[in-house]
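What follows is a single structure, written as structure tokens, with notes after it.
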Amino acid sequence: MQQGIVIHAPHDLRIQELETGALQPQQLKVKVKAGGICGSDLHYYHHGGFGVVRIKEPMVLGHEVSGQIAEVGSDISDIQPGARIAISPSRPCGACKYCQEGKQNHCLDMRFYGSAMRMPHVQGAFRQEIVIERAQAHVVADHVSDGEAAMAEPLSVALHAVRRAGPLVGKRVLVTGCGPIGALVVIAARRAGALEVVATDVAKMPLETAVKVGADRAVNMAETPDALKEYAADKGHFDVLFEVSGNERALVGALEALRPQAIIVQVGLGGDINFPANLLVGKELDWRGAFRFHEEFAMAVELMNKKLVDVKPLITATYPFEKSVEAFEIAGDRAKMMKVQISFA
Ligand SMILES: [Zn+2]
Ligand SMILES: [Zn+2]
């Protein structure tokens with residue numbers, strides 16, 4: 001027996017016993033090492049879900065995890081017990097029409113860890129031990145810590161968002177919302193060749209982190225709400241906006257700073273947003289979504305293995321497994337926390 005972190009209802013998070021499940025020939029048994037608390041985990045914790053998605057049965061949370069292989073299935077010979085890995089929480093079916101087209105993030109039969117989108121819910125990875133498919137395991141280099149390895153998932157989300165924008169070489173980029181995903185978008189945009197990266201937020205901690213990881217400038221919109229006005233001259237300044245806050249004011253407030261034919265990548269999920277269609281038309285803006293990732297997971301791990309990105313500045317706190325509820329409570333405090341992780345071993 002082992003234990004995991006199970007959400008039963010809003011603010012009813014329990015550490016409880018779980019079955020590990022039998023190891024199939026093509027699977028791996030993994031000791032979970034680190035797990036990062038994500039915005040979606042927090043939505044389940046505080047509100048029991050988001051949008052139309054609601055918890056209808058107890059569910060293990062968590063999808064940003066790293067681990068160490070404890071046992072390999074009898075058919076597997078290319079990876080050994082002891083290997084340290086980042087675990088992709090994404091399990092597309094491989095057979096549906098979108099998987100066949102290489103759009104696995106749109107899989108019709110996706111089983112993404114810790115998601116109440118389908119019934120029965122897909123159980124998550126905040127547990128001491130987990131059985132995974134071989135394809136979910138991505139070996140990390142010795143210098144990549146367990147905590148960094150657990151950042152591969154949010155980094156994948158950022159890489160996918162950046163790829164949705166198209167080539168960034170020589171582009172001027174604005175990032176609205178600099179929590180963990182926003183800061184990772186800053187990192188990914190820099191890596192992709194952006195000439196200028198400006199980040200906005202309403203809290204100090206995210207803004208400081210954005211500068212630490214490579215933003216040229218971080219603007220506090222709570223203190224200087226008109227700060228983007230200076231970029232509005234001559235129909236705007238930025239070629240690309242990554243909107244990571246999910247906040248209507250952040251999005252609409254940034255539009256005047258965008259050049260004609262600018263690309264807006266919507267990464268943040270909020271409620272409904274009123275988008276001024278006159279600006280969309282008049283400036284020929286291109287507003288597109290970015291949802292999850294697929295092949296970017298392997299890229300994220302390789303970027304960390306080769307020391308081409310450094311995600312360490314994003315990890316603000318690590319709580320032992322026994323203090324998981326405390327970790328969930330503090331993780332929502334944007335003034336103090338970027339990524340909060342739980343240490344399982
Ligand atoms: Zn996440
Ligand atoms: Zn599929």
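Residue numbers run from 1 in the order of the sequence given. One-based numbering, in listed order, for ligands and for the atoms of each.
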Would you give me the side-chain donor-acceptor pairs under 3.5 Å for residues 165-173, sequence neighbours excluded?
from, atom 1, to, atom 2, distance (Å)
Lys171, NZ, Pro167, O, 3.2
Arg172, NH1, Glu196, OE1, 2.8

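Among residue pairs with one or both ends in residues 130-171, those qualifying as ring pair (Phe, Tyr, Trp, His ring centres under 6.0 Å) are His138-Phe297; sequence neighbours excluded. Sequence neighbours left out, the pairs with a member in residues 181-194 that pass salt bridge (charged side-chain N to carboxylate O under 4.0 Å, His left out) are Arg190-Asp216.
A centroid separation of less than 6.0 Å is found between the aromatic rings of Phe344 and Phe126.
Annotation: protein N, O or S atoms under 2.8 Å of the Zn ion (ligand 2) (waters excluded) comprise Cys93 SG, Cys96 SG, Cys99 SG, Cys107 SG.
Arg91 places a side-chain N or O within 3.5 Å of a backbone atom of Arg111 that can act as its donor or acceptor partner.
The OE1 atom of Glu153 and the OE2 atom of Glu64 meet at the Zn ion (ligand 1) at an angle of about 80°, given to 10°.
Comment: Glu101 does not engage Lys97 in a salt bridge, judged by the lack of any side-chain N to carboxylate O separation of less than 4.0 angstrom.
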